[in-house]
Each structure stands twice: as C-alpha cells, then as structure tokens.
Participant: 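Let me begin by handing over the structure; questions about it come next.
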Amino acid sequence: MAVSLKGRDFLTLKDFTKEEIEYMLDLAADLKEKKKKGILTKDALQGKNIVLIFEKTSTRTRCSFEVAGHDLGMEVTYLDPAGSQIGKKESIADTARVLSRMYDGIEYRGYGQSIVEELANYSSVPVWNGLTNEYHPTQMLADLLTIREQLGRLEGVKLTYMGDARYNMGNSLMIACAKMGMHFTACAPKAYFPNQKLIAECEEFAKISGATLTFEEDVKKGTEGADVIYTDIWVSMGEPDEVWQNRIDALLPYRVTMDVMRNGADDVIFLHCLPSYHDRNTTIGQAVGEKFGLMELEVTNEVFESEYSRVFDEAENRMHTIKAMMAATLGAFEK
Ligand code: CP
Ligand code: NVA
C-alpha cells in the first residue's frame with residue numbers, strides 16, 4: 001500500500017516506520033532535484049498558512065521552515081521566544097486550539113518533549129517538532145539524507161556519536177539508526193549514555209531492522225571502522241553556563257580530532273548538526289575557550305574544515321527534508 005502521512009504529527013522518529021521515513025527521504029531527494037533544476041513547487045500548498053513557534057533560538061531550522069514553506073506556496077508566521085503569550089499568559093492547550101483555527105500546520109521548538117506532545121494533543125492540524133530537550137527529528141531526516149547521498153546506503157552504516165549522548169542529538173541518532181538498520185555507537189563516558197528506557201525501546205526497533213546499539217567509553221574502540229563520526233556542542237540551549245566545567249572535564253577526551261577520523265573507515269565522513277564551537281569566532285566559543293584555555297571544543301577546526309566534513313551539505317538538507325516532511329503531513333502531491 002502506498003505510504004500516506006497526511007494529517008500526521010512529526011514529534012519523534014519513534015512514531016514512524018522505516019518505510020515512512022524512506023518515503024520522506026525519497027520525497028526530499030525529489031524536491032531537492034526539482035529545486036536545483038529551477039522547477040517551482042509553489043502550487044503544492046498554495047493558500048495554506050503555517051506558524052513557527054520558537055522558544056529557543058535558531059538559524060537552520062527557522063530558515064528551513066520558512067524557505068520550504070515559501071517554496072511550497074505557503075504563508076509563514078514566525079513567533080520568536082518573546083513574541084507570543086505561550087506558557088506565560090496562555091496555556092499550551094489553549095494556544096494549540098487557537099492556532100489550529102488559523103493555521104494548517106504548527107512548528108514548535110522549545111524545552112520538554114511533553115510541551116510539543118501537549119500541543120499536538122490539542123491541535124487539529126499537524127504539529128512538527130523543531131527541537132526539544134529530548135529529540136530533534138527534523139535534523140534526523142537531514143542527516144539520513146546526507147548519509148545516503150554521501151555513502152550510497154543507510155542499512156549497515158556504522159555511525160558513532162561522540163559527546164553528550166543523553167540529550168536531543170544522541171537520543172535522536174540512536175532512534176534513527178535503530179529504525180533504519182544502522183549500527184549506532186554512543187562513544188562517551190558512561191554517565192553520558194542515553195537512558196535505559198529509550199535504549200530498551202530502540203532495542204525493539206533494532207530487532208525489526210537489524211540495527212545494533214553499542215555503548216563504548218573507549219575512543220579507539222568506539223570509532224574503529226566508523227562510516228560516520230558525529231558530534232554536537234557539549235552544552236545545549238537552555239542549559240546553565242555552570243555546567244561547562246563538568247562537561248569539558250568529562251568530554252574533552254571525546255573531542256573529534258584527526259586521529260579519531262583516521263580510526264574510522266576509509267571513506268568515513270564527519271557530521272555535526274551545527275552550530276559548532278570549532279574555533280573562537282563566536283561569543284561563546286571565545287568566552288569558554290579563554291576561560292578553559294581551549295582553541296576549539298567538541299571538534300577541532302582541522303576536522304571541521306577537512307575533506308571528511310560534510311556539515312554544509314547536511315545543513316542544506318535541513319531545508320529539503322523539512323519541505324518533504326511538511327508536504328507529506330499536509331498531503332501535498334497525493335493523488
Ligand atoms: N541544527 C540546528 O537545529 O540548527 P539551528 O539551531 O540553527 O536551527
Ligand atoms: N544539542 C543542541 C542541538 C542544537 C541543534 C541543543 O539543543 O542546543
């Protein structure tokens with residue numbers, strides 16, 4: 001039976017089958033090709049309106065939703081972290097019911113996953129998770145598309161995630177690998193492994209897909225033969241500055257260096273969701289770097305700028321995959 005995702009929320013990849021994820025990746029590849037050829041898709045969702053709620057800041061995700069929305073012919077409203085009544089003067093439930101009377105889709109970036117779930121429960125239109133503390137599912141579609149483009153396959157690919165694997169990126173990559181039949185390794189100190197409940201859920205997905213999940217403290221073992229080495233910043237949005245000291249103490253041995261990359265497979269690639277502290281050319285990179293005597297944090301500038309790095313292909317794919325996900329859940333291109 002043909003896949004249809006019309007009317008579905010997009011909150012975490014846990015809710016989607018391998019076939020449904022592949023459907024969105026194929027659609028993204030098709031839309032990407034159309035865009036490169038200058039073929040317009042503005043009639044796909046003309047007359048529809050979407051709203052983007054950002055309780056945390058963003059460059060890639062916001063711009064991807066905006067450009068993708070416009071490319072599909074939609075009007076877009078952006079609500080910035082201070083620009084709405086949400087949570088302060090109006091509950092999530094009331095916000096969801098108001099916005100679904102005006103819009104055809106609602107994007108939410110913010111704190112707990114329970115907030116985006118509540119929005120979805122009360123909304124009568126699709127709700128899309130643009131990042132929560134727990135999950136970052138639109139990033140996963142971009143990462144999977146990038147890996148597929150770069151390596152020509154997903155099944156059997158060995159992906160090693162280095163750093164804080166308990167948070168949105170580590171959690172989401174483990175889910176994505178478990179769904180797609182990939183080999184996921186969290187390479188981090190034990191305290192930074194994903195929680196047992198999520199690991200157990202992913203083990204169930206892995207039984208179906210043939211994926212494996214590995215948790216490794218040793219950098220040499222954890223990165224040996226990896227096809228993809230992935231990292232993220234060590235302190236995420238919304239976390240207090242005080243945690244930097246602990247994170248640096250714990251995660252500095254897990255920084256992605258040229259030695260780490262050389263330990264991977266011959267055609268290993270480096271991915272990072274971005275933004276990244278690979279140099280001191282940011283306010284935080286400069287302040288933290290100066291305080292702790294470091295020129296770079298989770299990845300060296302040498303790796304970031306190297307032939308291994310595919311981070312800008314990955315960033316571009318945010319837009320193509322978000323476009324596909326919105327098109328699919330809003331029922332565009334369905335016969
Ligand atoms: N990767 C990502 O989500 O980037 P932004 O925070 O810029 O949206
Ligand atoms: N873990 C990071 C991801 C940013 C895309 C954060 O939540 O800030």
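Atoms within each ligand, like the ligands themselves, are counted from 1 in listed order.
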Participant: What protein heavy atom sits nearest atom 8 (O) of ligand 2, and how far away is it?
Facilitator: Met237 N, 2.9 Å
Participant: Distance under 4.0 Å, heavy atoms only, partner ligand 1: which residues pass?
Facilitator: Ser58, Thr59, Arg60, Thr61, Arg109, His136, Gln139, Cys273, Leu274, Arg318
Participant: Show which side-chain atoms of residues 237-250 pair as donor or acceptor with protein atoms under 3.5 Å away, not counting sequence neighbours.
Facilitator:
| residue | atom | partner | partner atom | Å |
| --- | --- | --- | --- | --- |
| Glu239 | OE1 | Ser236 | N | 2.8 |
| Glu239 | OE1 | Arg247 | NH1 | 3.0 |
| Glu239 | OE2 | Arg247 | NH2 | 3.0 |
| Gln245 | NE2 | Asp249 | OD1 | 3.2 |
| Gln245 | NE2 | Asp249 | OD2 | 3.4 |
| Arg247 | NH1 | Trp234 | O | 2.7 |

Participant: To check your reading of the model: name the closest protein heavy atom to atom 7 (O) of ligand 2, its residue, and the distance in Å.
Facilitator: Asn168 ND2, 2.8 Å
Participant: Determine, using ring centers only, whether Phe54 and Tyr78 are less than 6.0 Å apart.
Facilitator: yes
Participant: When you measure from atom 2 (C) of ligand 2 to each heavy atom in Ser236, Ser58, Gly130, which option holds the nearest one?
Facilitator: Ser236
Participant: One thing to verify: whether Arg148 and Asp26 come together as a salt bridge, which I'm taking to mean a side-chain N less than 4.0 angstrom from a carboxylate O.
Facilitator: yes
Participant: Would you mind checking if Lys220 and Glu224 are paired as a salt bridge, meaning a charged N to carboxylate O distance below 4.0 Å?
Facilitator: no
Participant: Determine, for Glu149 against Lys32, whether the closest basic-nitrogen to carboxylate-oxygen distance falls under 4.0 angstrom.
Facilitator: yes
Participant: I need the nearest protein heavy-atom contact for atom 3 (C) of ligand 2: residue, atom name and distance, please.
Facilitator: Asp232 OD2, 3.7 Å
Participant: Set out, in order, the CA-CA distance, both residues' side-chain angles and the distance that settles side chain to side chain donor-acceptor pair (under 3.5 Å) for Ser4 and Glu334, then state yes or no.
Facilitator: CA-CA 8 Å; Ser4 170; Glu334 281 195 12; 2.7 Å; yes
Participant: Against heavy atoms of Leu274, which atoms of ligand 2 measure under 4.0 Å?
Facilitator: 5 (C)
Participant: Transitively linked via ILVMFWY side-chain contacts under 4.5 Å: Tyr111 with Val235?
Facilitator: no
Participant: Would you say the ring centers of Tyr167 and Tyr192 fall short of 6.0 Å from each other?
Facilitator: no
Participant: Using a strict threshold of under 4.0 Å (side-chain N to carboxylate O), is an ion pair present between Glu155 and Lys18?
Facilitator: yes
Participant: With atoms numbered from 1 as shown, which atoms in ligand 2 lie under 4.0 angstrom from a non-hydrogen atom of Leu131?
Facilitator: 3 (C), 4 (C), 5 (C), 7 (O)
